[in-house]
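Have a look at the structure below, then the notes.
Start at 1 and go down the list; that is how both ligands and their atoms are numbered. We count residues from 1, following the sequence as given.
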Amino acid sequence: MAERSEGDKPDVQSVLAQMTIEEKASLCTGASAWRTAPIDRLKVPSMTVADGPHGVRRCTDLDSLVCPSFQATCFPTASCLAASWDRDLLYALGQAMADEAIAQQVDVLLGPGVNMKRSPLGGRNFEYFSEDPYLAGEMAIALINGIQSKGVGTSLKHFAANNQEFKRFTTSAEIDERTLREIYLPAFEMAVKKAKPWTVMCAYNRLNGIDCVEHRELLTDILRYEWGFDGPIISDWGAVQSRVKALQAGLDLEMPGPRPGHAHAVADAVRTGALDAAVLDQSAARILSTISKAAGTPKGGEFDVDGHHALAGRIAGEGMVLLKNDGILPLRDPGQVAVIGLSAREPYFQGGGASHINPTQVSIPLDELKQGMPRTTFTYAEGYSYDIAFQQTLIDEAVEKAIAADVVILFIALPPFEESEGYDRRDMDLSLQQVTLIKSVSVAQPNTVVVLNNGAPVAVDEWVRDVPAVLEAWMMGQAGGKAIADVLAGRVNPSGKLAETFPVKLSDTPAYLNWPGENNVVRYGEGMFIGYRYYDAKAVPVSFPFGHGLSYTTFSYGNPQTTATRFKDTDGVTVSVDVTNSGEVAGKEIVQVYVHDKKSALVRPFKELKGFAKVDLRPGETKVVSVSLDFRAFAYYHPAHKRWITEDGDFDILIGASSEDIRYRIAVNLQSSLHLHKILDHNSTLREWLADSRGKVVIEPVFKIVTEQLS
Ligand code: GLC
């Protein structure tokens, strides 16, 4: 592809000063589906954007919304990435994606997505990281830093509360302030503050009745004034209704274009005074700054196709989660192996919608198994099809192969496009055919290993006790087939841990009663209690908990320490623990640190993830794992004070191998640096007024007058 020279780099202020109102207005609306408007007169180049979060979907025609895309590496999707809990790995992924963006002349990649997984039914959950804001934020920071380290921009999305696909253009997410601040915003906040994404993409939906694209408090007060974001805010594609209102709220770039009517409306509004010229200038300046940054990175060339395919396989192997293993894995000289399941031949490795990549190649699990075990005899049975609801013959054929084999590897995947942008799943269920297949095969052959391919949790409770091993392989990307073969054969020791809970059944899930809403309103009635926060609070048993994942080795924890047991919130504390590989093979362990507030003025989840580290250990090796906890690790958002606060008091720091496998609990005492006055108002009781030093000064004279008058 033609290289673009660095000479295009515009000087923002001098260009802005020369621009007409029409030119500024046209810059604030895309020139086409994937490009910003060039200003040839002033040598301002167009900037090219492309999806997506786990690969470059660069349309062959930049002016066409729906078009084929060039081949690129389809990496594992976000739910697999997050299950790696590996910041360095995501940074490396970001660099590889940036190389591909540069080769394809893409200036800004439209991702990552950090919306919380409020329900397992969310159609785009495969594109998002976690049910926990801290883990999602940490993954986003690593990925953004990786991509931007190479001079390619990102677009942190979808800001905010885009947690379902059902009526996503019109639904209003009704969220109380505390839940918004503590659950749905922190991943965005962390990424904006620590990775400085070039752009943020505004969501389609409404938040508490206001279109996000016109939500000034969200886009300007919070994102800019509180968090310090200084890049352009881009609309999701087609989200803008009134261009002037959106500009006034802080929405800088409307995509896609062209929308000449909107540009005229903006220019007219400036001329009539309905829109402050400074607002338009600010937006144009932000867009010009980003174009300038993009122009600083020469584009074109090639990327390492095979090297990126291998990286995609490595990442997939790091994100796969060994949910259950009674010892059958890893397979050692398994004799005859029956491979059952359509997805062994037709891998299910990505979802539908804007993130869908045209892969450079696809690794087929069945072929990779044969390749990796040349001395093993393999048979195959389809087991299920996606187009016929139930076929007993397919089950019978599978059972026959299972009986004749020594081991069965049973590939179970959701149907293609079951998980996609634009619609949510109806349930968490596998098909009747698949459940019947698993139960029938596992009776015929007790040595049955189930390999799952899905972007979000599926119900496993009906059969999980019938099989000795389950490997969650997620939407594993184009190289996932080899990664599965490597994990099953023990060439890769699985180290992934769940970034989202596997509930037993849908009616156990936090959002169940309020999903997906009606009359264009969805109430987040569960409040802060999503994911493990909910299952903890309600003591609801789950199939597999947040943070769970097995290894082919074992790890022991010892010598838990904190740098202090009594400390100020502004000093924070560092937690450390010795982790030993007590098994026979090298492996990686993810140590999780949760914080439990023993007493708080407002309700809090029992525990919340506030730190983690992944450590690589040889057999017998011990390393000290340290995690630092800062002010925010102990704070919560107080809606009356309208800020994050800490309170004096006792906390437990929990060190765990999962959210349920807590190895140590360290009692500490926090001293708050805040001197917050009690919020006293007409709702406060007399006792509360008198109990507060300031309140007492105010209320006692009044009290005195009243009692005198009454006597
Ligand atoms: C889509 C998606 C968004 C994507 C954009 C461009 O509707 O919501 O994630 O980046 O439009 O394809």
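- Less than 4.0 angstrom separates some heavy atom of R57 from each of these atoms of ligand 1: 12 (O).
- Using a 4.0 Å heavy-atom cutoff, R168 is listed among the residues neighbouring ligand 1.
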**Request:** Verify side-chain hydrogen bond (donor to acceptor under 3.5 Å, both in side chains) between T360 and Q478, making sure each step is shown before the conclusion.
**Result:** CA-CA 8 Å; T360 58; Q478 67 181 50; 2.8 Å; yes
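- Nearest protein heavy-atom neighbour of atom 11 (O) of ligand 1: D236 OD1, 3.0 Å.
- The two residues V49 and M255 come nearest to each other via the heavy atoms CG2-CE, 4.3 Å.
- Only one option out of N520, V522, T171 pairs with R206 in a side-chain contact (heavy atoms from CB on, under 4.5 Å); it is N520.
- Those atoms of ligand 1 that come under 4.0 Å of a heavy atom in L110, given as number and element, are 10 (O).
- Proximity of the aromatic rings of F75 and W474 is defined here by a centroid distance below 6.0 angstrom, and this criterion is not met.
- Classified by interplanar angle (parallel below 30°, tilted 30° to 60°, perpendicular above 60°), the ring pair Y204/F169 is perpendicular.
- Annotation for ligand 1: atoms under 4.0 Å from non-hydrogen atoms of A354 are 4 (C), 12 (O).
- Note that R533 lies outside the cation-pi zone of F546, set by a 6.0 Å cut-off to the ring centre and a 45° limit from the axis.
- In this structure, E127 falls outside the shell of residues with a heavy atom less than 4.0 angstrom from ligand 1.
- Nearest non-hydrogen protein atom to atom 1 (C) of ligand 1 is E421 OE2, 3.2 Å.
- Contacts with ligand 1 closer than 4.0 Å are made by side-chain heavy atoms of H158 only, the backbone lying farther away.
- Counting heavy atoms closer than 4.0 Å to ligand 1, residue E165 contributes nothing at all.
- At least one N or O atom of K157, backbone or side chain, sits closer than 3.5 Å to an N or O atom of ligand 1.
- Closest to atom 12 (O) of ligand 1 among all protein heavy atoms lies D51 OD2, 2.6 Å.
- Heavy-atom separations between F169 and ligand 1 are all 4.0 Å or longer.
- Checked against a 6.0 Å centroid threshold, the rings of F159 and H215 do not count as neighbours.
- Distances below 4.0 Å separate heavy atoms of W34 from the following atoms of ligand 1: 6 (C), 12 (O).
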**Worked check of side-chain hydrogen bond (donor to acceptor under 3.5 Å, both in side chains) between Q95 and S149** = CA-CA 7 Å; Q95 293 200 307; S149 70; 3.0 Å; yes
